[in-house]
Amino acid sequence: MRLVDQTRLPHETVVAVCATAADVASAIRTLRVRGAPAIGVTAAYGLALAAYRAAEAGADALAAVEAASGLLRAARPTAVNLRWAVDRLLAVARGAPRGAALAERLLAEAEAIAAADVAANQAIGRLGAAMIGHGECILTYCHTGGLATAGYGTAFGILRAAHEAGRGIRVVACETRPVLQGARLTAWELLQHGIPGVLITDNVAGSLMARGEVDRVIVGADRIARNGDVANKIGTYALAVLARAHGIPFVVAAPTSTVDLATPDGAAIPIEERDAHEVTHLAGVRVAPEGIAVRNPAFDVTPHRLITAIVTEAGVAAPPYDRSLAALAGAAVGS
Ligand code: MRU
């Protein structure tokens, strides 16, 4: 399995090769592939890979898939797309004949998830772009583009669709400490697509809002609870509070595979804590003194009351989210 290594962009395009499901789990853990929809799709292909490896070796493919599913599911805890994709593949594996046929079924299911994700992102782009006025300046956070998904992007997909529709938008991309997905990846995709934009350090956002230079905030999501609380990259909550204080719409964009109706609210979403090294070092260079204690939560929760709208491929959810999300997610499952 070949993945564009997101840790090496924008300086070089390096393809990481995963020979086993354990390699795939490691690529997810180390952020070589990241972004909620992208890690779900990647895990799906990882399970197909486990089945092919077992079939080649004459081993029990279903047992190999069951073992790999535990490894992949545990790679990152917050983005529900990972668990969602693994559970979907496991259900297919349990109902499939053993051997090479099982591997083929899993590959077909992974391909179907990838294709559906691209279509969902394009629909999110269309629905979200319809909300945007001419010449808006839109602030975004972290990285939600083609590389964070199976293709096109979620929040970034809206920016892309609005740009392609000639809306004359401008984008403010926050760098997104500690691992700089905004500076490294969003900035790179803005340039790839010719979308006018500027890069800022995260602490500039409030000042731009106070000057009236931001018309809208659009972010992605890693898990959306039943009541509309949204887990996304750490720092999203602060932007939502700032947007509310300045009367700026705060929009979340995500496919329905990110909506977790089984999680009642944000307090029930597990928040990943990552290595201190991400905070004490910048691009491999130590910036903090040895011995300092560090907190490094990778995500935070934005309460539903701060969110203006949630754009999914099945439609735009508005408050009260417990009703609108259940209707949209239910319709997407039934379609
Ligand atoms: O830790 P990361 O880089 O995987 O976090 C990613 C985000 O928080 C994104 O905003 C989210 O996954 C949406 S990606 C379309």
Side-chain angles (χ1 to χ4, degrees), residues 3-7 9 25 27-43 75-85 113-114 116-118 120-125 128 139-161 173-189 202 217-224 230-240 250-260 266 269-275 278-279 296-302 307 310-313:
L3 296 166
V4 173
D5 184 342
Q6 297 189 37
T7 64
L9 285 169
I28 292 172
R29 247 190 330 271
T30 55
L31 309 184
R32 286 190 173 83
V33 57
R34 49 142 297 285
I39 62 177
V41 170
T42 302
R76 296 193 76 190
T78 302
V80 76
N81 307 63
L82 183 58
R83 192 190 74 195
W84 171 85
I113 289 175
D117 188 58
V118 176
N121 292 333
Q122 287 168 338
I124 288 169
L139 184 138
T140 193
Y141 195 60
C142 195
H143 169 255
T144 60
L147 283 171
T149 62
Y152 203 74
T154 56
F156 192 90
I158 296 177
L159 305 177
R160 202 169 150 182
C174 299
E175 64 173 351
T176 318
R177 269 290 275 155
V179 291
L180 302 173
Q181 293 93 331
R184 294 185 299 103
L185 303 168
T186 302
W188 182 75
E189 286 206 34
D202 298 329
V217 178
I218 309 182
V219 298
D222 289 84
R223 191 186 301 217
I224 303 174
V230 167
N232 191 49
K233 179 53 54 195
I234 187 76
T236 302
Y237 169 58
L239 289 174
F250 185 90
V251 176
V252 173
T256 48
S257 55
T258 306
V259 178
D260 181 13
I269 299 176
I271 300 295
E272 177 184 9
E273 291 269 348
R274 292 187 61 85
D275 201 282
E278 291 179 350
V279 177
N296 187 18
F299 301 97
D300 59 25
V301 172
T302 298
I307 299 169
I310 300 176
V311 184
T312 75
E313 78 280 14

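Indexing begins at 1, ligand by ligand and atom by atom, following the structure's order. Computation of the quantities below employed the complete heavy-atom set of this structure, encompassing side-chain atoms and omitting hydrogens, waters and symmetry-equivalent molecules. In what follows, residues are counted from 1 in the order of the sequence shown.
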**Prompt:** Just wondering, do Tyr141 and Thr186 contact through their side chains at under 4.5 Å, heavy atoms?
**Reply:** no
**Item:** Which of the ligand 1 atoms, numbered from 1, are nearer than 4.0 Å to a heavy atom of Ala36
**Value:** 12 (O), 14 (S)
**Asked** At a 4.0 Å cut-off, with the gap strictly under it, does some heavy atom of Ala79 reach an atom of ligand 1?
**Response** no
**Item:** Contact (N/O only, under 3.5 Å) between His143 and ligand 1
**Value:** no
**Complete:** ligand 1 atoms nearer than 4.0 angstrom to some heavy atom of Gly35 are 4 (O), 12 (O), 14 (S)
**Prompt:** Against heavy atoms of Asn232, which atoms of ligand 1 measure under 4.0 Å?
**Reply:** 7 (C), 8 (O), 9 (C), 10 (O), 11 (C)
**Message:** Once rounded to the nearest 0.5 Å, what's the spacing between atom CZ of Arg184 and atom OG1 of Thr7?
**Reply:** 7.0 Å
**Which of the ligand 1 atoms, numbered from 1, are nearer than 4.0 Å to a heavy atom of Gln181** = 1 (O), 2 (P), 3 (O)
**Request:** Ignoring angles and geometry beyond distance, decide whether Arg34 reaches within less than 3.5 Å of ligand 1 through its nitrogen or oxygen atoms.
**Result:** yes
**Interfacing atoms of ligand 1 (cut-off 4.0 Å, heavy-atom, Pro37)** = 14 (S), 15 (C)
**Prompt:** Nearest protein heavy atom to atom 11 (C) of ligand 1, by residue and atom, and its distance?
**Reply:** Asp222 OD1, 3.2 Å
**Prompt:** What residue among Ile271, Asn232, Thr78 forms side chain to side chain contact (heavy atoms under 4.5 Å, CB included) with Val301?
**Reply:** Ile271
**Prompt:** Would you call Asp260 and Arg223 a salt bridge, taking side-chain N to carboxylate O under 4.0 Å as the test?
**Reply:** yes
**Fill in**
CG (Asn81) and OG1 (Thr258) are apart, to the nearest 0.5 Å, by 3.5 Å
**Asked** How does Cys142 reach ligand 1, if at all, at less than 4.0 Å between non-hydrogen atoms: by side chain, backbone, both, or neither?
**Response** side chain
**Item:** Nearest-0.5 Å distance that lies between atom CG in Asn296 and atom CD1 in Ile234
**Value:** 8.5 Å
**Asked** Side chain or backbone of Thr149 under 4.0 Å from ligand 1, or both, or neither, by non-hydrogen atoms?
**Response** side chain
**Request:** Just need the protein heavy atom nearest to atom 13 (C) of ligand 1, so name the residue and atom and give the distance.
**Result:** Ala221 O, 3.5 Å
**Request:** State the CD-CD distance between Glu313 and Gln122, to the nearest 0.5 angstrom.
**Result:** 12.0 Å
**Request:** Report yes or no: does a heavy atom of Glu272 sit under 4.0 Å from some atom of ligand 1?
**Result:** no
**Asked** Roughly how far, to the nearest 0.5 Å, is the CZ atom of Arg76 from the CD1 atom of Ile39?
**Response** 5.5 Å
**Prompt:** Under a 4.5 Å cut-off applied to non-hydrogen side-chain atoms, are Leu3 and Arg32 in contact?
**Reply:** no
**Item:** Distance-only N or O hit between ligand 1 and Arg76, under 3.5 Å
**Value:** yes
**Item:** Asn121 and Thr149: CA distance, side-chain angles, deciding distance, side chain to side chain donor-acceptor pair (under 3.5 Å) verdict
**Value:** CA-CA 8 Å; Asn121 292 333; Thr149 62; 3.3 Å; yes
**Polar proximity ligand 1 side, Phe299 side, N/O cut 3.5 Å exclusive** = no
**Message:** Counting only nitrogen or oxygen atoms and a 3.5 angstrom limit, does Lys233 reach ligand 1?
**Reply:** yes
**Prompt:** Using a heavy-atom cut-off of under 4.0 Å, does the side chain or the backbone of Thr154 touch ligand 1, or both, or neither?
**Reply:** side chain
**Request:** Please check if the side chain of Arg34 supplies one atom and the backbone of Leu147 the other of a donor-acceptor pair under 3.5 Å.
**Result:** no
